Amino acid sequence: MKQSLWVVGISVFLIAYKPIRVFSQDSDSVLAKQFDLADLSKKLFAKPQKKQEKKASTVAMLPSIGYNPSIGFQLGLNVSGGFYLGKPKTTTMSVFSIVGFGTTKGIITGQLRHNVFTKDNRWNLQGNMQLSRMVSFDYGVGTGITIGSNGYFEIDGIPLDNDSALFPIKLQYTRFTERAYRKIGQHLYAAIGLSFDIRSKINDTKLDSTGNTPHYKYSAANGYNPGQYNANGLLFNLLYYAKEHPNRSYRGIYTDIGIRVNQTWLGSSYNSIQLLTELRKYWSLSATNPEHVLAIWHMGNYLLQGKLPYLELPGTGLDTWGRGGRGYTIGRFKGLSFFTLETEYRFPITRNKFLGGVVFANIQSASNQTGIHLFDYWEPAMGSGLRFLFKKNTRTSLCIDYAVGRYGSKGLFFGLNEVF
């Protein structure tokens with residue numbers, strides 16, 4: 001099994017590794033033909049100005065709302081932006097995202113994610129920092145488990161009600177992940193990094209005297225304190241970055257092969273080694289309308305040695321940007337090893353590119369410790385959505401998707417920028 005996983009990872013990198021031209025920012029003539037929400041606002045509300053307008057803002061904001069019996073009503077804000085640290089012809093746009101929200105039941109989260117390119121792309125810094133008092137929605141480990149799942153409607157991966165298969169877990173969570181990638185060839189980077197994932201004050205809300213919850217049983221079987229644990233480790237990555245644009249690529253490839261080594265001397269509860277694979281590929285289907293794009297996204301996380309704490313297991317929507325697996329609740333499927341694949345067809349609807357559309361599908365597979373192996377069961381989902389051009393100078397879009405999965409799972413998913 002371990003040998004085959006190494007082959008999968010190396011094959012993904014070799015398939016992706018070929019010279020690709022990285023395209024620069026959109027020209028002024030291209031942007032002049034496009035119409036975004038800022039243009040709409042000016043047309044509806046702004047008074048005519050004789051003086052030259054200031055440079056368009058690169059920051060976009062989107063409010064977020066939600067509800068679940070475990071968290072109460074949620075209200076927050078998602079801020080996304082982009083900037084250049086060098087000449088656009090030789091430097092990729094740096095992007096960041098800030099998410100903050102609170103709920104009526106005391107849940108609060110602040111998160112900063114960034115992907116920064118220094119001048120001439122000599123360095124690429126990728127980070128994810130989070131401080132939360134949160135609820136994790138747990139359905140057990142592995143795919144193919146259907147008992148008691150009613151599939152309530154969800155918004156942004158949060159179910160509007162709790163069914164008998166759901167085990168809410170309250171906790172405090174601190175995350176710090178940072179990778180520094182150094183350019184070593186054309187589009188090729190090598191990286192080293194650190195990741196600290198610290199979970200404390202864990203409250204398994206459905207836990208009774210029998211200890212009959214997936215979280216408690218897994219923690220007890222693997223020697224973890226069910227009230228607190230850490231997964232702290234070193235990161236080693238090899239990245240091939242040839243995406244045409246960080247927010248909304250029309251063409252190009254992104255592939256990242258990594259090893260995560262959790263170590264007790266860094267404060268990790270136990271040692272472990274994971275293989276991490278990611279591949280994104282984009283094909284523009286039209287020379288005159290490059291927004292017609294076929295895209296695929298693969299992510300894999302494979303446990304090679306040791307063990308992981310329960311809430312550190314990879315799963316649905318637990319990627320860096322929290323957007324994977326539309327059609328299911330965040331954390332709906334998780335496993336010791338996890339594989340997911342998504343594909344999208346993106347297309348413009350209006351001539352001025354203000355309104356676009358997307359159709360998509362995804363599949364997931366996860367393993368557990370009780371006889372379910374990776375690729376034994378697949379969990380598919382599919383859907384469609386609309387794209388409103390939010391900031392044309394950064395290709396930021398407001399995304400609204402409706403997706404349907406198995407077991408009655410369905411919901412609406414919102415976001416700034418494409419899912420991948």
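Since this is a predicted model, take the numbers as computed values, not measurements. Position 1 is the first residue of the sequence; numbering continues from there.
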Are side-chain N/O atoms of E344 and W297 paired as donor and acceptor at under 3.5 Å?
no
How close do D319 and G324 get, counting heavy atoms only, and between which atoms?
OD1-N, 2.9 Å
Is the ring pair F96/F83 parallel, tilted or perpendicular, if the boundaries are 30 and 60 degrees?
tilted
How close do L336 and V141 get, counting heavy atoms only, and between which atoms?
N-CG1, 4.5 Å
Keeping S337 on the side-chain end and L303 on the backbone end, is there a donor-acceptor pair under 3.5 Å?
yes
Below 30° counts as parallel, above 60° as perpendicular, anything between as tilted: where do the rings of Y229 and H215 land?
tilted
For the student: nearest non-hydrogen atoms of W378 and R406, plus distance
O-NH1, 3.4 Å
Consider only side-chain N and O atoms of H292 and Y345, and report whether a donor and an acceptor are under 3.5 Å apart.
yes
Between the side chains of Q126 and N237, does any donor sit under 3.5 Å from an acceptor?
no
Side chain to side chain contact (heavy atoms under 4.5 Å, CB included) partner of L171, chosen from D204, I202, V135
I202
For the CZ atom of F414 and the OG atom of S64, what is their distance to the nearest 0.5 Å?
10.5 Å
Does any N or O in the side chain of S367 come within less than 3.5 Å of the main-chain N or O of G335, such that one atom is a donor and the other an acceptor?
no
Go through the steps for T92 and Y241 under the test side-chain contact (heavy atoms from CB on, under 4.5 Å), then give the verdict.
CA-CA 10 Å; T92 300; Y241 191 104; 3.9 Å; yes
Value rounded to 0.5 Å, distance of CG in L308 from CG in L313:
6.0 Å
Please test N362 against L341 for side-chain contact (heavy atoms from CB on, under 4.5 Å), starting from the C-alpha separation and ending with a verdict.
CA-CA 6 Å; N362 60 69; L341 180 67; over 6 Å; no
Is there a side-chain contact between T109 and Q130 in this structure, where contact means two heavy atoms from C-beta onward sitting under 4.5 Å apart?
yes
Can you check whether L304 reaches Q274 side chain to side chain, under 4.5 Å on heavy atoms?
no
Assess whether salt bridge (charged side-chain N to carboxylate O under 4.0 Å, His left out) is satisfied between R395 and E244, documenting all intermediate values.
CA-CA 12 Å; R395 294 193 198 170; E244 177 262 342; 2.6 Å; yes
Please evaluate residues S80 and N417 with respect to the criterion side chain to side chain donor-acceptor pair (under 3.5 Å), reporting the C-alpha separation (whole Å), side-chain torsions for both, the decisive distance (0.1 Å), and the verdict.
CA-CA 8 Å; S80 175; N417 296 319; 3.0 Å; yes
Is there a donor-acceptor contact under 3.5 Å from the side chain of K307 to the main chain of N222?
yes
Any chance the side chains of R199 and N230 put a donor and an acceptor closer than 3.5 Å?
no
Within 45 degrees of the axis of the six-membered ring of F153 and under 6.0 Å from its centre: does K410 put its NZ or CZ there?
no
Donor-acceptor pair between T205 and N203 side chains, under 3.5 angstrom
no
What distance separates N115 CG from L125 CG, expressed to the nearest 0.5 Å?
9.0 Å
Closest non-hydrogen atoms of Y189 and R122, given as atom of the first, atom of the second and distance, are CE2-O, 4.3 Å
What one should report as the nearest heavy-atom pair of A165 and Y139 is O-CD2, 3.6 Å
Indicate yes or no: does R323 engage D156 in a salt bridge with an N to O separation below 4.0 Å.
no
Nearest-0.5 Å distance, CZ of residue F338 to OG1 of residue T143
8.5 Å
Do any N or O atoms from the side chain of S365 and from the backbone of F375 form a donor-acceptor pair under 3.5 angstrom?
yes
Side chains of E379 and Y407 only: does a donor on one sit below 3.5 Å from an acceptor on the other?
yes
Counting C-beta onward and ignoring hydrogens, is there a side-chain heavy-atom pair between L279 and I257 closer than 4.5 Å?
no
Whether the side chain of K105 engages the backbone of F73 through a donor-acceptor N/O pair (distance < 3.5 Å, no angle test) should be reported.
no
Distance-only donor-acceptor check, side chains Y310 and D138, under 3.5 Å:
yes
With a 6.0 Å cut-off (strictly less than), is the heavy-atom count around CD1 of I65, excluding the residue itself, greater than 12?
no
Are side-chain N/O atoms of S195 and D197 paired as donor and acceptor at under 3.5 Å?
yes
Residues T329 and E154: side-chain donor-acceptor under 3.5 angstrom
yes
At their closest point, which heavy atom of Y328 faces which heavy atom of A381, and how far apart are they?
CE1-CB, 3.6 Å
Chi angles and distances behind the side-chain contact (heavy atoms from CB on, under 4.5 Å) call for Y282, R346:
CA-CA 10 Å; Y282 310 87; R346 305 167 184 170; 3.9 Å; yes
Is there a donor in the side chain of D120 and an acceptor in the side chain of T90, or the other way round, less than 3.5 Å apart?
yes
Taking the side chain as everything from C-beta on, heavy atoms only, tell me whether M382 gets closer than 4.5 Å to F360.
no
Does the side chain of D256 come under 3.5 Å of the side chain of T277 through a donor N or O and an acceptor N or O?
no
Pair N128, Q111: side-chain N/O donor-acceptor within cut-off below 3.5 Å
yes
Polar side chain donor-acceptor pair, T316 to Q364, under 3.5 angstrom
yes
What is the distance from atom OG of S397 to atom CG of L386, rounded to the nearest 0.5 Å?
11.5 Å
Under 3.5 Å, side chain of T340 to main-chain N/O of I363, donor-acceptor pair present?
yes
Hydrogens and angles aside, do N271 and N262 bring a side-chain donor and acceptor to less than 3.5 Å of each other?
no
Looking at E342 and R326, does any basic side-chain N land under 4.0 Å from a carboxylate oxygen?
yes
Is it the case that atom OH in Y377 sees more than 12 heavy atoms from other parts of the structure closer than 6.0 Å?
no
Tell me yes or no: between the side chains of E418 and H245, is some donor less than 3.5 Å from an acceptor?
no
OG/S249 to OH/Y254 distance, rounded to the nearest 0.5 angstrom?
11.5 Å
Which residues share a salt bridge (charged side-chain N to carboxylate O under 4.0 Å, His left out) with R133, sequence neighbours left out:
none
Are any of the side-chain heavy atoms of N68 and N162 separated by less than 4.5 Å?
yes
When you measure from the side chain of N289 to the backbone of S286, do you find a donor-acceptor pair of N or O atoms at a distance under 3.5 Å?
no
Got a donor-acceptor contact below 3.5 angstrom from the T350 side chain to the F354 backbone?
yes
Begin with the C-alpha distance, continue with both residues' side-chain angles, and end with the deciding distance and a verdict on side-chain contact (heavy atoms from CB on, under 4.5 Å) for L239 and N124.
CA-CA 10 Å; L239 168 68; N124 174 220; 3.7 Å; yes
Are there over 12 heavy-atom neighbours, none belonging to M129, within less than 6.0 Å of that residue's CE?
yes
Mind running salt bridge (charged side-chain N to carboxylate O under 4.0 Å, His left out) on E312 and R175 for me, showing each step along the way?
CA-CA 11 Å; E312 185 65 17; R175 168 193 280 170; over 6 Å; no
